[in-house]
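As a basis for the values below, the full set of heavy atoms in this structure was taken, side chains included, without hydrogen atoms, waters or symmetry mates.
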Amino acid sequence: MFPYPIATPQGCNIQTFYGTNSANKVQRFSWNKPVGVSHVYMLLIGAGGTGTGTSGGGSGSVTTWYGATQHVPNNLIVEPGIGDASANTTIFFASRSTTLITLIDTLSATGVTGGPATIPEAFAASGFFNSVAGQDGSGISVTASATTFLSGGADATGETVTANYGYFVPGNGAGFFQMQPIIVGAGGSANGRGGIGCGGGGDAVGGPGMVLIASW
């Protein structure tokens, strides 16, 4: 899936990058810093985990960074996490030696366990950095997390997923992810796939990772 630049009336450039659910299809995208912007905001979502059959998968961790554009290289390489492969979501800088240097990343879930909060790279100190762990999956119904907007998955038919703000997945359904009217993601139940960054239900695959970069 390709990035989608969005130009708002306020002049904010927003680009989103999505991963896949195939371990054989690592997606790498290029981001070029728009001319004339002063601020950059990065949101990274790790991929959700695959359920074990007795518990749903966990959700990926969420990492954000905000700072001045003078600290951000002109060109970045974006690699969203892959569902069902435990590949993390990472933003790289290609140095003059062509070596890829990790600027910032966030961790994907591993099975039932939610992705842990990220240990910051040196780049994080150049702005405002925050990282929160994902929610673990469950063999019973999932309740809303108090720390992340992504939920883990539930297990068998009849177990439900309650995400933040009252969003709900019934006992045998796929999860979802939405940016509007408020950002929230839900894991699957029974054998339903997880939404972006969310755990799969039962033994289903978790949702892929995502990166959003906004500049203005």
Side-chain angles (χ1 to χ4, degrees), residues 1 3 5 12-20 23 25-35 37-49 57-111 113-136 145 147-150 177 179 183 185 196-199 206-216:
M1 190 174 290
C12 182
N13 180 282
I14 301 174
Q15 297 185 48
T16 53
F17 307 87
Y18 298 90
T20 70
K25 293 184 179 179
V26 175
Q27 298 275 16
R28 279 187 175 171
F29 305 98
S30 295
W31 179 85
N32 299 315
K33 185 165 60 179
V35 176
V37 297
S38 300
H39 307 270
V40 176
Y41 170 81
M42 301 178 182
L43 167 68
L44 291 81
I45 294 175
S59 64
S61 63
V62 177
T63 299
T64 57
W65 182 90
Y66 164 74
T69 54
Q70 68 186 43
H71 300 303
V72 181
N74 290 331
N75 309 104
L76 300 176
I77 296 173
V78 179
E79 186 178 297
I82 303 171
D84 196 32
S86 298
N88 298 321
T89 295
T90 309
I91 295 178
F92 300 100
F93 165 63
S95 68
R96 291 184 178 181
S97 65
T98 70
T99 300
L100 292 181
I101 298 173
T102 298
L103 290 188
I104 187 172
D105 64 357
T106 200
L107 305 182
S108 298
T110 302
T113 305
T118 300
I119 298 174
E121 304 287 344
F123 171 74
S126 64
F128 295 93
F129 173 90
N130 185 59
S131 185
V132 296
Q135 184 183 38
D136 291 345
S145 170
T147 57
T148 179
F149 55 79
L150 303 175
F177 177 84
M179 297 289 289
I183 185 170
I196 290 171
C198 298
M210 188 195 89
V211 173
L212 180 149
I213 303 179
S215 53
W216 63 97

In Å, rounded to the nearest 0.5 Å, how long is the span from [atom1] of [X] to [atom2] of [Y]?
X: Ile104; Y: Leu44; atom1: CD1; atom2: CG; value: 5.5 Å
X: Ser126; Y: Gln70; atom1: OG; atom2: CD; value: 9.0 Å
X: Met210; Y: Thr16; atom1: CE; atom2: OG1; value: 6.5 Å
X: Ile183; Y: Leu212; atom1: CD1; atom2: CG; value: 7.5 Å
X: Gln15; Y: Asn32; atom1: CD; atom2: CG; value: 8.0 Å

- Query: Given the rule in the side-chain contact (heavy atoms from CB on, under 4.5 Å) test, do Leu150 and Ile45 qualify, once you have shown the distances and angles that lead to the verdict?
  - Reply: CA-CA 9 Å; Leu150 303 175; Ile45 294 175; 3.5 Å; yes

[X]: which residues meet the side chain to side chain contact (heavy atoms under 4.5 Å, CB included) condition with it, sequence neighbours left out?
X: Ala117; result: Ser131
X: Thr64; result: Tyr41, Leu43, Asn130
X: Pro116; result: Leu107
X: Ser38; result: none

Is a side-chain donor or acceptor of [X] paired with a backbone partner of [Y] at a separation under 3.5 angstrom?
X: Thr106; Y: Ser61; value: yes
X: Ser145; Y: Thr147; value: yes
X: Asp136; Y: Gly58; value: no

Mind checking whether [X] and [Y] have side chains closer than 4.5 Å, heavy atoms only?
X: Val37; Y: Asn13; result: no
X: Thr90; Y: Phe92; result: yes
X: Trp65; Y: Pro120; result: no
X: Ser215; Y: Val40; result: yes

Salt bridge (charged side-chain N to carboxylate O under 4.0 Å, His left out) contacts in which one or both residues fall within [range], not counting sequence neighbours:
range: residues 99-109; answer: none
range: residues 60-83; answer: Arg28-Glu79
range: residues 58-78; answer: none
range: residues 64-74; answer: none

- Query: Can you name the residues that form a side chain to side chain donor-acceptor pair (under 3.5 Å) with Thr69, not counting sequence neighbours?
  - Reply: none

- Sequence neighbours excluded, which residues qualify as side chain to side chain donor-acceptor pair (under 3.5 Å) partners of Thr89? none

- So Met42 and Leu76, side-chain contact (heavy atoms from CB on, under 4.5 Å) or not? Walk me through it. CA-CA 12 Å; Met42 301 178 182; Leu76 300 176; 3.8 Å; yes

For [X] versus [Y], what's the shortest heavy-atom pair and its separation?
X: Gly48; Y: Ala109; answer: C-CB, 4.0 Å
X: Ser108; Y: Ala47; answer: OG-N, 2.9 Å
X: Gly185; Y: Cys198; answer: C-SG, 3.3 Å
X: Thr148; Y: Gln135; answer: CG2-N, 4.2 Å

- Indicate, with yes or no, if the rings of Phe17 and Trp31 have centres closer together than 6.0 Å. no

- Message: I'd like to check the ring-ring contact (aromatic ring centres under 6.0 Å, His included) partners of His39; sequence neighbours left out, ordered by chain and number.
- Response: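 Partners of His39 by the ring-ring contact (aromatic ring centres under 6.0 Å, His included) criterion, ordered by chain and then number, come out as Tyr66, Trp216.
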
- Task: Evaluate the criterion side-chain contact (heavy atoms from CB on, under 4.5 Å) for residue pair Ile91 and Phe123; output intermediate values, then yes/no.
- Result: CA-CA 11 Å; Ile91 295 178; Phe123 171 74; over 6 Å; no

- side-chain contact (heavy atoms from CB on, under 4.5 Å) between Phe177 and Phe149: does it pass, once the steps are laid out? CA-CA 10 Å; Phe177 177 84; Phe149 55 79; 4.3 Å; yes

